[in-house]
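Read the structure below first, then the notes.
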Amino acid sequence: MWADLLVEEILKTRAPGGQVVNDAWSPSGYAHIGSLKGVVLHDAVTRGLRDRGAPVRFIYGFDDYDPFDGTPSYLDTERFAPYLGMPLCTVPSPEPGAASYGEFFGRRFVEDFHRLGCRPEVYWGSALYRSGRMNEAIRRVLDRAGEILEIDREISGSQRTERHPLQVICESCGKIATTMITGWDGREVTYECRAEKVAWAAGCGQGGRRSPFDGASKLIYRVEWAAKWWVLGVTVEGAGKDHFTRGGSHDTASAVAERIFGYPTPFPIPYEFLLIGGAKMAGSTGKGVLARDLLEILRPELARFLMVRPHYREQKNFDPGGETIPRLYDEYDRAVRAFRGEIDEPELARTFVYAFIDEARPQAYRPRFGKVATLLQIPSVDLEAAVAEEKGAPLSAADREELAERTADARRWLSHYAPEAYKIEVQATLPPAAATLTAAQQGFLEALAQALASAEWRGPAVHNQIHELKNARGLSPQQAFGAIYRAFLGKESGPQAGWLLAALDRDFVLERLRQASAQRTAS
Ligand SMILES: [Zn+2]
């Protein structure tokens, strides 16, 4: 399991003592799925370290001192245009209940990742700057601005000419993206607020002189990254692999951390993206899928499992169409069984340890998702009774909750994502498709009618009868099951036939089998 290996590596290479795992995000709108994967990954590593008895803190930063650089499609562009260029913490909240734009989207994301069982200590960039905790880093960066410019050029080949990697908030217009520092005297900076510094926000043209401390300024991204490692004592921090290209932001931050702050680069985890495929998931923003969209499709346990299961460096494309969701459910259930020691799959058992959410019910009875989806579509079936029968005991409260959740998921899957083959409708009369049955198939159905006349009327018993007859007559599964599906559903494929038949009235089934086997066919 990759998280175990990472933990091993962290404990081997880091100095002993407490670990500080950090992740951060700029709350400029609803979080995309990549940011959610980041939280889950850091949470998994934290869980692994804790599991090994290592003292560890998981902290999560909302970079709400970052400038507001564009209005997302789901908000009113005109309303927010005047705030472009201001720190996210001074832009008004789109809805009541939050002090700022940054806080509003930060809080929404906290809700998302809490649902996935991630509970880091949250901190806000605005508070970090305003409290003065960044002052010492700011002073050092201003004093050694020339050296940092050299590092930037050497590592990234940057052509940046702006000397100071810092921006102050303009005292006239409140924008931060538009200012440029023109001097530093050891106490105050001089700055200009420029109309054309960035394409997406216009500065007011004013300038001034002010102290850069206690929240008056913020470091530019790469330098801030290094400063935060130093100030917060971060020892482990991953990021999407795009940050880890040669000469990319991580390389620069790493050089600044080591040379300017004398602080070792935290253990890096460059992770791959989770892509969401399929036409139905184009996303509500056009810029990728939102974390909350995924949580609309998958219950939290499965969403977390989806993120934890593949190796963190493996790019994964999740397409909710086809059989993806039933397969994911089956694999999740296998992981639960492995965790309970019912099957010997250590890797899957460890995956469950990292996928686990507080509210998960590992002891609950877990009927197969595909079976629930099938039974749901047969009107005469009492789902709870059918599952209790399969379990061989009455359902506990946890069993019932689990079943209710599966049922809701199955309904959603059937209405949005399931392939046609999974949608079943038992035909009231013999379907025309039954006319294509071969003589061998007809013989099989006739024998089945005889066998089922006295068989126990339960899914497993009917299932066994079908298998015995199929084997005795040397039919392929496709021939045997295909004959049943054609006779009852009018199509080539369908759900587990034993369950399907046992869910129907016995006389109806026997009559239909006889009709299908007796009709004249071309062959
Ligand atoms: Zn200004």
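We count ligands from 1, going down the list as the structure has it; atoms in each ligand are counted the same way.
No side-chain donor from either of Asp319 and Thr324 sits under 3.5 Å from a side-chain acceptor of the other. Checked by atom type, the side-chain pair Gln19/Thr235 shows a donor-acceptor distance below 3.5 Å. Trp2 and Glu314 form no side-chain donor-acceptor contact under 3.5 Å, judged by distance and modelled atom types alone. Donor-acceptor pairing under 3.5 Å is recorded for the side chains of Asp399 and Ser396. Side-chain contact check for Tyr60 and Asp43: no donor-acceptor pair (N or O, by modelled atom type) lies under 3.5 Å. Side-chain polar atoms of Glu323 and Tyr422 form a donor-acceptor pair below 3.5 angstrom.
Of all protein atoms, those of element N, O or S that lie under 2.8 Å from the Zn ion (ligand 1) number 4.
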